[in-house]
Each structure stands twice: as structure tokens, then as C-alpha cells.
Amino acid sequence: MKGLRLAALASLGVLASSVVQATEPANYPLGPVFLTPTLEAELGWTDNLFRTRRDEVDTWKSLLAPRIQAWMQNGPSTYSLTWKLQDFRYFSSHDDDFTDHIWNIDIHQEFDARNSLNLIAEYYDGHEERGTGLSEGVGPLLDEPLELERTIFGGDYTFGSRESRGRLRFAAKGIDHEYGNFKELTRYYDREREEYIGTFFWKVGSRTDALFELRHIDTQYDEVDPGDPAGSLDSEEFIYFLGAEWDATAKTSGSVRFGLYDREYDSAARKDDDGFSWEVDVSFRPRSYSIWQLESRKYFRETNGLGNAINTEETTLTWDHDWSGRSGTRLGFTIGRDDFSGSRREDDRYRFEASYNYALRRWLDLGIGYRWEDRDSDLDFFDYSRNEVFLRADVSL
């Protein structure tokens, strides 16, 4: 029965694909401030809730996500405050029901043509799904998801304009990452991260800038696990990039960065790491109604239990196509490789999504889609495959 249901739902999803098209929300004026409320609703089914190799749990699930943005504009400057709620319900596993809250502040201030400032702040009060993050491979052994609070503050300042021969951008960001339950497991992964970035742009064409970029990342953990013979996970990382950015031409826009990284650990028992790094983000629009997006990067993620850190290579190719002005499709494929440095675990990850979207009204989009995930690990315990289908509605005023 389960196999027949999966085959039927998967075939329904493959006919589909989600889309570029989206509702065109109306704004409600309140003096100089505009309010923009939206609602996202999704009903889906998955055959492997906890992302496990064996004894998969299948369930229907729902997502209800209202969002309210309050914003105002003063010439080229904009100011925004956004609140979003995400309510997850699992019909066969109510222990996994959870409600996330997300607050965002975004400020874009242009002082003049050559000086601009962006400030951001985010507070996330939510969770990690069982079988992800720190509970990879052991989701069923926990009786509820991991609670997570994350606070982000940051900003960037740019001196110079797009028309300037040269341009400088300085950016900084702080991230506080703290778990709320299962502290005997999670306390050693609470951490603070500081990032500093300096970028120099030099115009080499009417719409193209060459760039040199230096990044410094400092990560400090709140506690050291006394049971870990390698000691502290604290680290410092430098990244040096050369590359280019270009504005939209007739068909393409994007940026490429290639360079070197050097990651050093405070603990002498952990092996430092260095090598080649890259970031690619390129859009190709062969027609006004069709766009291809290529994103690829190599970067470090903090460990989720094994090794010193996760050296990740990830590439995503997405195709969005508008078929009629009211209907469109999205196809996306991601391939990733995770090397858990300091351990013998290496993972190959794959993800595919196909969805179809129809704009029934200006304020209402309906969609249907299919998602597939697969992880093949050197440690078989972490292998899994997962299928998911969903119906979706995006609503606005």
C-alpha cells in the first residue's frame, strides 16, 4: 500500500514543477508606513520524516506561515520590520509539531550617491527538525525536536557608486547560536560567530567590476566538551577572493569569486585546514519568461557532532519558466559533498524539486510539487532517501 501511494503521489508531483510567479500583494497604508500581510499554506506527505536509513516513518504534514511586513520609504532609503510565524503540524507524529517565530529588521540608507549603509537584525526562535543538524541519524532516539534560538546583527557600508571607477564595501555580522533543550547533548554546540568582510571593486567595463575580497571569521564556543580529547572547537578562518561582478546585461548577471581559505583551530589537537574556495552566482535569461540560475560554493559549516568542521561543496541549478503569464514551473537540482574534517565521514547529497504554480487571482497562487532528497555517506548509518509531495497556496491582500 505504501509503495502504491508513493508511486501515485510521485507521478503527480513529476507532472508539476513551483514557479517564479508569485502573488502581487497589496499594501495597506497607515500614515507614512505600509503594511504588507501575506499567508503561505502547504499540505504535504513524506515517506521518511526522520531521514533515517531504516524504519522510515511516513506522515501527512501541514505548514501555515503568516507574515506581516511594515515598511516605509524616504527617497532611495527604505526601512522594514517583518514578523513571520511558521506553524508545523505532523498528522502521524504530534511530538514534532512546532511553531517558529522570526523577526527581521532591514534598513537601507543612502546618504548621497557615493555613500550607502545597510543594517540587518534577525531573531529566530524555532527548531531543528528531528533527523537534521545535531540529530542527524538519531532523530527517532529523541522525543521532540531540538529548540534553537539564533540572533543575527550585521550591516555593510559602501563608499562609491556603481558608476565610480573604484568602490569599497565593508561588512560585519555577528551570529549567536543557542539550543534550548537536551542540554546534555547541545550545550557544547552553543556558539558565537563574528564575520568581517572588506571588498574592493574596480570597474573594468560599463557593467562589470573586478573585485578583491578579504574575509575573517571567528567562531567561539560557549563550553568545551570534557569528553572530547581534541579539546576546543574554537576557530579562526581567513578567505581571500579574486573575482568579478556584473549587472544585468541582455541575458546574464551575477558574480564569481575564486580564492584560498585558511582555517586554524585554537586547539593544537585539531588539524588546521587550507585550500581552494569559490562562490559562483550566475543568472542566464535566454527569454524574458525563462531564467536559469547557477549557484555553487565551497565553504565550512560548523560540525554537528563528528570531526572538526564540515567542508562543504554545493552546486544548485534552477530553471524557472513562465508558460502563460499565469502559470509557470520550477525545476531545481542540488548536488553537495560534505567532508567532516577530522573524521572518516564523507557524504554525497542530492536534492531535486519540481513544482507547478498557477496564479488564480492577483492575490492567490496555487501550487503543486514534488521533492526528493538522498544522502550517501561513508558511514552507512547516515544514509537516507526521502520523497515528499505538496500542495501550496500563497495568499495576500
Side-chain angles (χ1 to χ4, degrees), residues 6 10 46-58 96 127-142 145-146 148 150 175 177 179 182 185-186 188-189 191 193 217 219 221 225 228-230 233 235 237 239 261 263 265 270-281 294-318 331-354 370-388:
L6 173 59
T46 180
D47 66 347
N48 192 352
L49 175 60
F50 303 126
R51 295 174 171 86
T52 54
R53 185 185 181 197
R54 296 189 178 93
D55 302 322
E56 299 94 337
V57 174
D58 66 283
D96 291 276
H127 75 297
E128 284 183 352
E129 294 181 15
R130 285 201 279 174
T132 68
L134 290 185
S135 64
E136 279 187 0
V138 296
L141 302 181
L142 305 178
L146 296 181
L148 174 64
R150 184 174 59 242
I175 305 173
H177 189 99
Y179 292 96
F182 297 103
L185 166 70
T186 62
Y188 306 115
Y189 299 96
R191 59 190 180 266
R193 174 185 174 109
I217 302 171
T219 305
Y221 283 76
D225 184 354
D228 188 344
L233 284 165
S235 67
E237 185 176 351
I239 308 172
Y261 70 87
R263 184 180 177 99
Y265 295 93
R270 298 188 185 276
K271 184 180 178 181
D272 297 340
D273 204 345
D274 57 56
F276 184 66
S277 187
W278 69 82
E279 288 186 2
V280 176
D281 186 355
L294 174 66
E295 298 179 3
S296 181
R297 60 189 301 220
K298 182 177 181 179
Y299 63 103
F300 272 100
R301 294 185 289 135
E302 294 304 304
T303 179
N304 58 10
L306 286 177
N308 305 325
I310 308 171
N311 195 345
T312 295
E313 300 176 14
E314 187 171 83
T315 299
T316 299
L317 181 63
T318 306
L331 297 174
F333 182 73
T334 297
I335 181 170
R337 184 171 182 82
D338 299 323
D339 178 5
F340 290 70
S341 62
S343 81
R344 65 184 186 89
R345 178 183 173 186
E346 290 187 0
D347 296 352
D348 291 315
R349 293 181 290 107
Y350 307 93
R351 177 183 171 91
F352 172 75
E353 180 168 335
Y370 166 73
R371 300 185 185 107
W372 168 76
E373 299 175 21
D374 183 83
R375 182 169 65 214
D376 182 15
S377 177
D378 286 358
L379 303 181
D380 294 344
F381 180 75
F382 294 101
D383 290 352
Y384 82 91
S385 184
R386 169 175 158 130
N387 295 276
E388 184 176 342

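- Atom CG of Leu331 is separated from atom OG1 of Thr318 by 9.0 Å, given to the nearest 0.5 angstrom.
- Considering only heavy atoms from C-beta on, Asp96 comes within 4.5 Å of Phe50 through its side chain.
- Under the side chain to side chain donor-acceptor pair (under 3.5 Å) criterion, Arg297 pairs with no residue, sequence neighbours left out.
- The structure places CZ of Arg191 at 9.0 Å from CD1 of Ile175, a figure rounded to the nearest 0.5 Å.
- In terms of heavy atoms, Phe340 sits closest to Leu306 at CD2-O, 3.6 Å.
- The number of heavy atoms from other shown groups lying within 6.0 Å of CG (Asp55) does not exceed 12.
- Within the model, atoms CD1 of Ile217 and CZ of Phe300 stand 10.0 Å from one another, a figure rounded to the nearest 0.5 Å.
- The main-chain N or O of Ala309 is found under 3.5 Å from a side-chain atom of Ser341 such that the two form a donor-acceptor pair.
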Go through the steps to decide whether Arg345 and Glu136 satisfy the test salt bridge (Lys or Arg N to Asp or Glu O under 4.0 Å), and finish with yes or no. CA-CA 13 Å; Arg345 178 183 173 186; Glu136 279 187 0; 2.8 Å; yes
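- With sequence neighbours left out, the side chain to side chain donor-acceptor pair (under 3.5 Å) criterion links Ser377 to Asp347.
- In this structure, OG1 in Thr315 is found 9.5 Å from CG in Leu317, a value given to the nearest 0.5 Å.
- Using a 3.5 Å distance cut-off with no hydrogens or angles, the side chains of Glu56 and Tyr384 do not pair a donor with an acceptor.
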Begin with the C-alpha distance, continue with both residues' side-chain angles, and end with the deciding distance and a verdict on salt bridge (Lys or Arg N to Asp or Glu O under 4.0 Å) for Arg375 and Asp338. CA-CA 10 Å; Arg375 182 169 65 214; Asp338 299 323; over 6 Å; no
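- The aromatic rings of Tyr179 and His177 lie perpendicular to each other, with more than 60° between the two planes, well past the 30° mark.
- Distance check, rounded to the nearest 0.5 Å: OG1 of Thr312 to CZ of Arg337 gives 11.0 Å.
- By the salt bridge (Lys or Arg N to Asp or Glu O under 4.0 Å) test, Arg351 is found to be paired with Glu353, Glu373, residues two or more places apart in sequence or in another chain being considered.
- Side-chain N or O atoms of Glu128 include none that pairs as donor or acceptor with a backbone N or O of Leu148 at under 3.5 Å.
- Proximity of a side-chain donor or acceptor of Asn311 to a complementary backbone N or O of Asp339 within less than 3.5 Å is not detected.
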